[in-house]
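One structure below.
Side chains included, hydrogens not; waters and symmetry mates left out as well; all remaining heavy atoms used. For this chain, numbers begin at 1 and follow the sequence in order. Atoms within a ligand are numbered from 1 in the order they appear, just like the ligands themselves. Bear in mind that the values here come from a model prediction, so they are computed numbers and not experimental data.
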Amino acid sequence: MSFDVTHCTLCPRQCGADRTKTVGYCHCGTEIRVARAALHPWEEPCISGETGSGTVFFAGCTLGCCFCQNREISRSAVGKVLTVEQLADTFLRLQAEQACNINLVTGSHYTPWIVQALELAKPQLKIPVVWNCGGYESPEILAMLDGLVDIYLPDLKFYSPETAKAYANCPDYFETASKAIMTMFQQVGALQWNGTLLERGLIVRHLVLPGHRKESMALLDWLAEALPKEQFLLSLMGQYTPPDMPLPDKHLNRRAATFEYESVREHAVELGLNGYGQERSAAAAGYIPAFEVE
Ligand code: SF4
């Protein structure tokens with residue numbers, strides 16, 4: 001695929017920014033900015049393992065959810081500027097530090113450069129590559145990643161166009177993300193394990209939002225219908241935390257009630273979905289196996 005950096009239509013926003021002169025909706029120009037690259041123990045257990053996931057957090061974001069917990073990273077061009085070669089070296093440094101995988105977090109808007117870095121590093125890279133994203137991916141981005149990504153870890157955030165419009169200004173979110181998730185599954189196929197670590201496959205994350213449990217259930221219904229249940233994992237998250245500043249939407253200024261999260265979790269069990277639930281106590285950031293992985 002050709003990528004015109006002077007008229008960027010890389011992601012589904014298709015904002016057309018000239019990234020050589022300004023930044024796009026994603027807040028990014030042509031510099032690769034990495035906010036953090038380090039071992040991270042708090043991903044799903046099959047990603048974190050004993051030693052941690054080799055996370056690379058990219059600055060900027062194509063979604064820009066109003067409740068984002070990482071807005072200092074996602075809404076501005078912060079972080080260290082790396083060349084493609086330095087990014088490839090970062091992957092190899094994380095591998096040398098015993099990372100279970102290279103976990104590329106919110107990198108969609110840098111895909112052409114990340115692909116170059118992966119191609120440079122791949123001959124020496126012996127661990128899986130994880131694409132950790134908001135689910136709002138274009139077919140072009142996924143085509144670039146085909147053959148380079150081993151594990152897709154997308155969010156599936158919103159079901160209704162109204163919610164997606166209100167919270168992330170993308171009424172086409174579900175239409176786009178559902179197609180993207182199908183493509184991701186077609187690329188990587190059924191789950192492949194190395195002991196307790198995932199080597200290849202798809203994990204779909206969903207954060208239960210306060211006031212939206214019916215939408216959560218509709219998303220789970222779609223997943224159960226669209227994908228073979230035993231061939232992917234669901235990661236159900238319940239730790240929505242209101243941002244520091246009050247939001248206009250009244251639902252988003254409180255945490256999800258235990259009842260809301262539990263009713264969605266029970267629905268996942270009824271549908272026969274496999275995967276993880278999340279410990280809901282404020283102090284704990286870890287995952288608990290809420291439903292058994294076959
Ligand atoms: S990647 Fe950024 S600049 Fe390109 S279309 Fe998407 S939001 Fe616009």
Side-chain angles (χ1 to χ4, degrees), residues 1-37 55-84 86-88 90 102-119 129-146 148-149 152-158 161 163-184 187:
M1 171 225 168
S2 63
F3 164 59
D4 183 358
V5 74
T6 65
H7 182 77
C8 184
T9 54
L10 186 61
C11 84
R13 295 279 180 200
Q14 303 225 319
C15 74
D18 179 351
R19 293 174 63 172
T20 63
K21 298 199 173 97
T22 183
V23 297
Y25 190 97
C26 56
H27 294 275
C28 297
T30 53
E31 291 176 326
I32 309 168
R33 287 189 175 265
V34 170
R36 182 174 156 82
T55 45
V56 181
F57 289 88
F58 292 94
C61 181
T62 60
L63 268 176
C65 301
C66 64
F67 51 81
C68 182
Q69 295 292 306
N70 293 319
R71 61 178 55 236
E72 65 282 1
I73 296 174
S74 64
R75 299 292 167 77
S76 55
V78 295
K80 192 171 170 187
V81 176
L82 298 184
T83 63
V84 164
Q86 287 169 328
L87 184 59
T90 300
I102 300 301
N103 186 345
L104 305 167
V105 186
T106 321
S108 311
H109 40 293
Y110 297 115
T111 305
W113 297 284
I114 292 174
V115 163
Q116 289 173 27
L118 284 174
E119 283 169 345
V129 172
V130 182
W131 189 256
N132 184 338
C133 69
Y136 193 58
E137 298 290 35
S138 65
E140 290 75 17
I141 286 176
L142 295 176
M144 289 183 198
L145 297 172
D146 194 3
L148 291 169
V149 167
Y152 278 109
L153 182 55
D155 293 329
L156 184 56
K157 290 172 181 277
F158 316 115
T163 304
K165 167 88 174 123
Y167 293 177
N169 191 28
C170 52
D172 63 336
Y173 176 85
F174 177 71
E175 188 190 339
T176 303
S178 56
K179 285 183 191 148
I181 286 172
M182 296 299 286
T183 302
M184 292 173 189
Q187 284 187 17

Within the 4.0 Å heavy-atom shell around [X], which atoms of ligand 1 are there?
{"X": "Gly24", "value": "3 (S)"}
{"X": "Gln14", "value": "5 (S)"}
{"X": "His109", "value": "1 (S)"}
{"X": "Arg19", "value": "1 (S), 3 (S), 4 (Fe)"}

Smallest separation among heavy atoms of Val78 and Ala59, with atom names: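 Scanning both residues completely, I find the closest heavy atoms to be O-CB, 3.2 Å.
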
Quick check: does Cys8 put an N/O/S atom under 2.8 Å from atom 4 (Fe) of ligand 1?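 Cys8 does place an N, O or S atom closer than 2.8 Å to atom 4 (Fe) of ligand 1.
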
Does [X] reach the side chain of [Y], with side-chain heavy atoms less than 4.5 Å apart?
{"X": "Ile32", "Y": "Thr83", "answer": "no"}
{"X": "Ile181", "Y": "Glu137", "answer": "no"}
{"X": "His109", "Y": "Cys11", "answer": "no"}

Within 2.8 Å of atom 2 (Fe) of ligand 1, is there any N, O or S atom belonging to Cys26?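 Within the cut-off used here (under 2.8 Å), Cys26 does place an N, O or S atom near atom 2 (Fe) of ligand 1.
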
Looking only at side chains, do Asp172 and Thr176 share a donor and an acceptor under 3.5 Å apart?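 Looking only at side-chain atoms, Thr176 and Asp172 do form a donor-acceptor pair, the distance falling under 3.5 Å.
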
List the closest protein heavy-atom neighbour of atom 8 (Fe) of ligand 1: residue, atom name, distance to the nearest 0.1 Å. Cys15 SG, 2.2 Å

If you have a sec, work out which protein heavy atom is nearest atom 6 (Fe) of ligand 1 and how many Å separate them, to one decimal?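 Looking only at protein heavy atoms, the one closest to atom 6 (Fe) of ligand 1 is Cys11 SG, 2.3 Å.
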
Rounded to the nearest 0.5 Å, how far apart are CG of Asn132 and OG1 of Thr106?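 OG1 of Thr106 is found 6.0 Å from CG of Asn132.
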
